[in-house]
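One structure below.
All residue numbers refer to positions in the sequence shown, counting from 1.
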Amino acid sequence: MLDPLDLAKRLIAAPSVTPATGAVFDELEAMLTPLGFAVHRFVRGDGPEGSDEAPVENLFALRRGPEGSRHIAFAGHLDVVPPGEGWASDPFTPQERGELLHGRGAVDMKGAIAAMVAAVADVPQDSGTISFIITGDEEGPALHGTRALIDHMAAEGIQPDLCLVGEPTSVNRLGDMVKIGRRGSVNIFIDVAGTQGHVAYPHLADNPLPKLVAILAELDALMLDTGTRWFQPSNLEITDINVGNRAHNVIPAAGTARISIRFNDLHTGHSLSERVMAIAERHGGKARPVISGEPFLTEPGAFSKLVSAAVEAETGITPELSTTGGTSDARFLRAVCPVIEFGLCNATMHKRDEAVAIPDLTVLTRIYARIARAALALDDTEI
């Protein structure tokens, strides 16, 4: 078996703040090629650095099994969030301290990708087809990452039967939670225009702020639902209010706000956007929605059972099946095939001194290998 600790160190040591390109993909390609994978890399986006159109690198690797065999895909991302200041050591110099490996991406999610690579090295090629769907644009706008990889697979006629995403889903200990779905996400920008004027002459102006307040008050009072069997209630949060008026004696010309809605499968991004736009227009404003993803659910069945069985075999615990948390690239991959997320403990992701428990890397490798072997052994009636 390949050493997942060594692989994780190699990936962490290649800085890859989103959007990622270059060295970190060189490392992953060098790991996969000796295992029999045909690796295809491509870059999407041609805008300036820092823009939504900045170049993003993606990698699709395929190791074909026998003709007609099952196909499981491992998916994830090599980009990381900026490390910030105050680390105890260089965030891109992997460092062992006790039983912890520190470095940006150790948990989210270079550690999991290292475990995936080490796992497939222990799965015979004649067991079936295995692929890697790896992007450099999960932590960013996600415009040129996994969606571009899905386009590539469609163009090549490649269709996985099942997909496992290595997001850090565990909470208190490795294996305590598996994600079988996620809520959808929509951000909505609200604009209210008025007429600037002197506060002493309000009849000569049109103050937009009472209208904006009325819109936000009505939105804040909404109860979207009470949840479903697998999903928590949808929630609407006001995330920004901006006027930019520095003068105490001026009625402003405009006011803006932003709301964010995380919603379950009782709604769609479109239906919620229409509802918010109607409220804004009723009070004299306009709303512009940006839908990040729709909710999805992989109904409990053969896939979730084999994942749970693999976790229990290696950890002794039965994982909770959950749909909590934020969005991930699983929201795109669910259009390709059934998708489940499972990975490391998420306590330090995106934090200073991010770290993974070194023993967890070994256990996760064994879990991923069990999942791959079990998934490739499923018959037509079980998928």
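Cluster partners of Met177 are Val171, counting Ile, Leu, Val, Met, Phe, Trp and Tyr whose side-chain heavy atoms approach within less than 4.5 Å, directly or via other members. Cluster partners of Ile251, by chain and number: Val199. The rule joins Ile, Leu, Val, Met, Phe, Trp and Tyr whenever side-chain heavy atoms lie under 4.5 Å apart. Through side-chain heavy atoms spaced under 4.5 Å, either directly or across other Ile, Leu, Val, Met, Phe, Trp or Tyr residues, Val81 is tied to no other residue.
In summary, Arg41 and Glu57 engage in a salt bridge, as defined by a charged side-chain N under 4.0 Å from a carboxylate O. Between Arg182 and Glu341 there is a salt bridge, since a side-chain N of the basic residue sits under 4.0 Å from a carboxylate O of the acidic one. Taking 4.0 Å as the cut-off between side-chain N and carboxylate O, Asp191 and Lys286 do not count as a salt-bridged pair. We find that Lys211 and Asp206 are joined by a salt bridge, their nearest charged nitrogen and carboxylate oxygen being less than 4.0 Å apart.
Counting heavy atoms of neighbouring residues, nucleotides and ligands inside a 6.0 Å radius, atom CZ of Arg282 exceeds 12 of them. The local environment of CD in Glu99 is sparse, with at most 12 non-hydrogen atoms from other residues, nucleotides or ligands closer than 6.0 Å. Under a cut-off of 6.0 angstrom, the local environment of NE2 in His270 is sparse, with at most 12 non-hydrogen atoms contributed by other residues, nucleotides or ligands. Atom CZ of Arg64 has 12 or fewer heavy atoms from other residues, nucleotides or ligands within 6.0 Å.
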Under the side-chain contact (heavy atoms from CB on, under 4.5 Å) criterion, do Asp161 and Leu378 qualify, and how do the steps go?
CA-CA 10 Å; Asp161 295 301; Leu378 291 175; over 6 Å; no
Apply the test side-chain contact (heavy atoms from CB on, under 4.5 Å) to residues Ile291 and Glu294: give CA-CA distance (whole Å), side-chain angles for both, the deciding distance (0.1 Å), then the verdict.
CA-CA 8 Å; Ile291 300 171; Glu294 299 291 344; 3.8 Å; yes
Could you walk me through whether Lys179 and Glu167 satisfy the salt bridge (Lys or Arg N to Asp or Glu O under 4.0 Å) test, starting with their C-alpha distance in whole Å, then the side-chain angles of each, then the deciding distance to 0.1 Å, before giving a yes or no?
CA-CA 9 Å; Lys179 304 284 188 181; Glu167 285 291 336; over 6 Å; no
Could you check Asp108 against His77 for side-chain contact (heavy atoms from CB on, under 4.5 Å), going step by step and ending with a plain yes or no?
CA-CA 8 Å; Asp108 191 15; His77 62 93; 3.2 Å; yes
Got a list of side-chain donor-acceptor pairs under 3.5 Å for residues 112-124, not counting sequence neighbours?
none

Which pairs would a plain distance check flag for residues 150-157, meaning a side-chain donor or acceptor within less than 3.5 Å of a matching protein atom at least two apart in sequence or in another chain?
none

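Judged by distance alone, the side chain of Asp79 and the main-chain N or O of Glu139 form a donor-acceptor pair under 3.5 Å.
Taking both residues in full, the closest heavy atoms of Pro83 and Phe92 are given as CG-CE1, 4.0 Å, listed atom of the first, atom of the second, then distance. Of all heavy-atom pairs between Gly175 and Pro319, the closest is O-CB, 3.0 Å.
Considering only heavy atoms from C-beta on, Pro252 comes within 4.5 Å of Asn207 through its side chain.
Taking the ring pair (Phe, Tyr, Trp, His ring centres under 6.0 Å) definition, one finds that Phe37 meets it with Phe132, sequence neighbours left out.
Judged by the 6.0 Å and 45° rule, Arg334 forms no cation-pi pair with Phe296.
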